[in-house]
Number of protein chains: 2
Amino acid sequence: MKFRRSGRLVDMTNYLLQHPHELVPLTYFSERYQSAKSSISEDLGIIKQTFESQGIGSLNTVAGAAGGVRFAPGVNKQDAMEEIGRLCSIMANPDRLLPGGYLYLTDILGDPVLVNRIGRLFAAVFSDRKIDVIATVATKGIPLAYAAANYLSVPVVIVRRDSKVTEGSTVSINYVSGSSKRIQTMVLAKRSLKEGSNVLIIDDFMKAGGTINGVISLLEEFQANVAGIGVLVESEGAEERLVDEYISMVKLTDVDTKEKQIHVIEGNYFQFLKEQGEK
Amino acid sequence: MKFRRSGRLVDMTNYLLQHPHELVPLTYFSERYQSAKSSISEDLGIIKQTFESQGIGSLNTVAGAAGGVRFAPGVNKQDAMEEIGRLCSIMANPDRLLPGGYLYLTDILGDPVLVNRIGRLFAAVFSDRKIDVIATVATKGIPLAYAAANYLSVPVVIVRRDSKVTEGSTVSINYVSGSSKRIQTMVLAKRSLKEGSNVLIIDDFMKAGGTINGVISLLEEFQANVAGIGVLVESEGAEERLVDEYISMVKLTDVDTKEKQIHVIEGNYFQFLKEQGEK
């Protein structure tokens, strides 16, 4: 099938968006559209300019025989700030308050549009780290982990509280939860993670950090490296933080269960976000 | 910011892909690009043609003052057949066999690219039903449910085995599992589902259908309607099927745990898939 430039631009845009972080050889496109490589290069120039001016992401050309083009989803800072500002106001709704100072996040985590935007923010801030896989803890972290994994193009492994027959053999650890100080169990299917993997940990909520600390201990059993930690909400209420370096989108600074007031501010996200094109 | 046609095509393609099943007024695009509506209409014509010829989906124009354009992700039958064929051969690998005739699917469900493709197939086959929300059961169905929800642009609710403080008040039911005949519990957060919702149930695996039957009973407590049931794998081993109408991608017809052989064929998916443009 022969394509005009306009049709190529539409189809290439779709293709690149569906294959983030994948090196696509120019010959792939020139065969797909039966067009000269020089035309494909011009097309990519147009796409690159639009992607970068609109904050869709960056398009990098790798020269040489093994070369091609790679799309890395990104965000511009302005959009990210609006997004996180919006999250803060959604979360500050006092109806979210649950016993124990927890927040009801189920509706937020159930909205694929919001979840995707959060995943994109995670992917943008972690995009220059070496990540082989994303780990999360069942159940609430799962949608966020997949959304980020989509944009980073890496697989997801899910740490569970209990082992299931459908997981095959598992590795388990006991750990002490940060806030309740109780002993809890975590398991991960043996087959699901290769030794020495670089793992990004994604979760929805971090109080003292006991759960994430548990995940780190479990990852040690697989000789895995922690490439980063990202949480949607961090809560300031914890006396002692068990986890050092992490990136949070929003921060719960004050929860008044009596007065039914929640105070939510921006997390530390922008301390880590590089501007597009910045090195 | 003023756009040329080429830049508009790239940005509009991205915008439409990010907003499936949403009615976008033409004025939105003409303001976004400071271009005449007639130019926008021509752009949309080019995008429509490419989307439909490449099996990306359909683009429908709604005329009138409240009109606009709506993108519905689709698949062409050829791609869907290749996709499901590929799934069959991935699943027939005897290393997947677990005690009890279960299959190890964790790697498949952990691959966001595969999961997205499966989600897109679900979205395509259910695209003309009225769906307000997708329900799934923790943990394995979650990624499939979100992938489909993304393409259908509806929220996800997650049915759990146990209630958690972060869910607020919940509704729970007891049900009898189809294969083990044991009594089990299922819970759903009260706030998570509006009365009278049209619910698509998505899960990874169905044997006798006890779990899905449990979800149906739970949904009855919310006066919800079941708009459809989609499973990735159905297993033929069950003596008695508890669920009538469902759509499956692949079917496990024979599991020989002694000989370590798995026989996987196409499910009933293509009995339900309409060709693009077909009514």
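Here is how names work: the chains are called A, B, and so on, in the same order as the sequence lines, proteins then strands, and each is numbered from 1.
If you measure heavy-atom distances from B/Ala189 to chain A, the contacts under 4.5 Å come from the side chain alone. Heavy atoms closer than 4.5 Å to chain A are found in both the backbone and the side chain of B/Asn150. Proximity to chain B (any heavy atom under 4.5 Å) is shown, for A/Arg117, by neither the backbone nor the side chain. Neither the backbone nor the side chain of A/Leu16 has a heavy atom closer than 4.5 Å to any heavy atom of chain B. Heavy atoms of B/Arg160 lying under 4.5 Å from chain A belong exclusively to its side chain. In this structure, the portion of B/Thr106 lying under 4.5 Å from any heavy atom of chain A is its side chain and not its backbone. Contact of B/Tyr151 with chain A is made through the side chain alone, with heavy-atom distances under 4.5 Å. Residue B/Val154 touches chain A through its backbone alone, counting heavy-atom pairs closer than 4.5 Å. Heavy atoms of B/Gln18 lying under 4.5 Å from chain A belong exclusively to its side chain.
Atoms CG and CD1, on A/Asn14 and B/Ile56 in that order, are 3.5 Å from each other to the nearest 0.5 Å. Separating the CD atom in A/Gln54 from the CZ atom in B/Phe3 is a distance of 3.5 Å, to the nearest 0.5 Å. The structure places CD1 of B/Ile47 at 9.0 Å from OG1 of A/Thr13, a figure rounded to the nearest 0.5 Å. The distance from the CD1 atom of A/Ile142 to the CD1 atom of B/Ile142 is 4.0 Å, given to the nearest 0.5 Å. Rounding to the nearest 0.5 Å places CZ of B/Arg161 at 10.0 Å from CG of A/Asp162.
Scanning both residues, A/Leu98 and B/Gly168, for their nearest heavy atoms gives CD2-CA, 3.5 Å. When all heavy atoms of B/Pro112 and A/Ala149 are compared, the closest pair comes out as CG-CB, 3.7 Å. Nearest heavy atoms, A/Leu9 versus B/Ser6: CD1-CB, 3.5 Å. The nearest pair of heavy atoms linking B/Ser192 to A/Tyr104 is N-OH, 3.7 Å.
No more than 12 heavy atoms of other residues, nucleotides or ligands lie within 6.0 Å of CD in B/Gln49, so this atom counts as exposed by the packing criterion.
Contacts with chain B were tallied for A/Ile158, A/Leu109, A/Val115, A/Val133; A/Leu109 has the most, counting heavy-atom pairs under 4.5 Å. Taking B/Gly110, B/Pro155, B/Ala138, B/Ser153 one by one and counting their heavy-atom pairs under 4.5 Å with chain A, the maximum is reached by B/Gly110. Here A/Pro143 is the residue among A/Ser169, A/Ala147, A/Pro143 with the most heavy-atom pairs under 4.5 Å with chain B. Contacts with chain B were tallied for A/Ile46, A/Asp43, A/Val157, A/Leu114; A/Ile46 has the most, counting heavy-atom pairs under 4.5 Å. Options A/Asp107, A/Asn116, A/Asp111, A/Val113 differ in how many heavy-atom pairs under 4.5 Å they form with chain B, and the most are formed by A/Asn116. When the candidates A/Arg191, A/Arg5, A/Arg4 are compared by the number of heavy-atom contacts under 4.5 Å with chain B, A/Arg191 comes out ahead.
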